[in-house]
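What follows is a single structure, written as structure tokens, with notes after it.
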Amino acid sequence: MGVLEIILASVLLLVALFLVVAIILQDSKKHGLSGAISGGAETFFGKTKGKDVNGFLQKATTIAAIVFAVLVFVTYLFSGILIK
């Protein structure tokens, strides 16, 4: 295992832990089926979407999920399974 693989694995582990914590800290949206059909009171482009803690956690979770997916793919490439 090379140094680059150890660094990628460490960063991947930190991002995974951040994702778990960020998802647990978010408020649940208990709109049920009525919220899914009518769209709920909150829209995606709401005025206060990013100004509260929950909005920040949603944005951070999205960014962390994208970083996690990219790191998994890069780790897969460097592991030698795809490229020999």
Is there a continuous path of hydrophobic side-chain contacts, each under 4.5 Å between heavy atoms, that joins [X] to [Y]?
X	Y	value
I63	V11	yes
V72	V67	yes
L25	V20	no
F18	V15	no
V53	I24	no

So how far is it from [X] [atom1] to [Y] [atom2], rounded to the nearest 0.5 Å?
X	Y	atom1	atom2	answer
L12	F68	CG	CZ	5.0 Å
Q58	D52	CD	CG	8.0 Å
T75	L8	OG1	CG	4.5 Å
L71	L14	CG	CG	10.5 Å

field: Within residues 60-71 or reaching into it, pairs that qualify as side-chain hydrogen bond (donor to acceptor under 3.5 Å, both in side chains) - sequence neighbours excluded
entry: Q26-T61
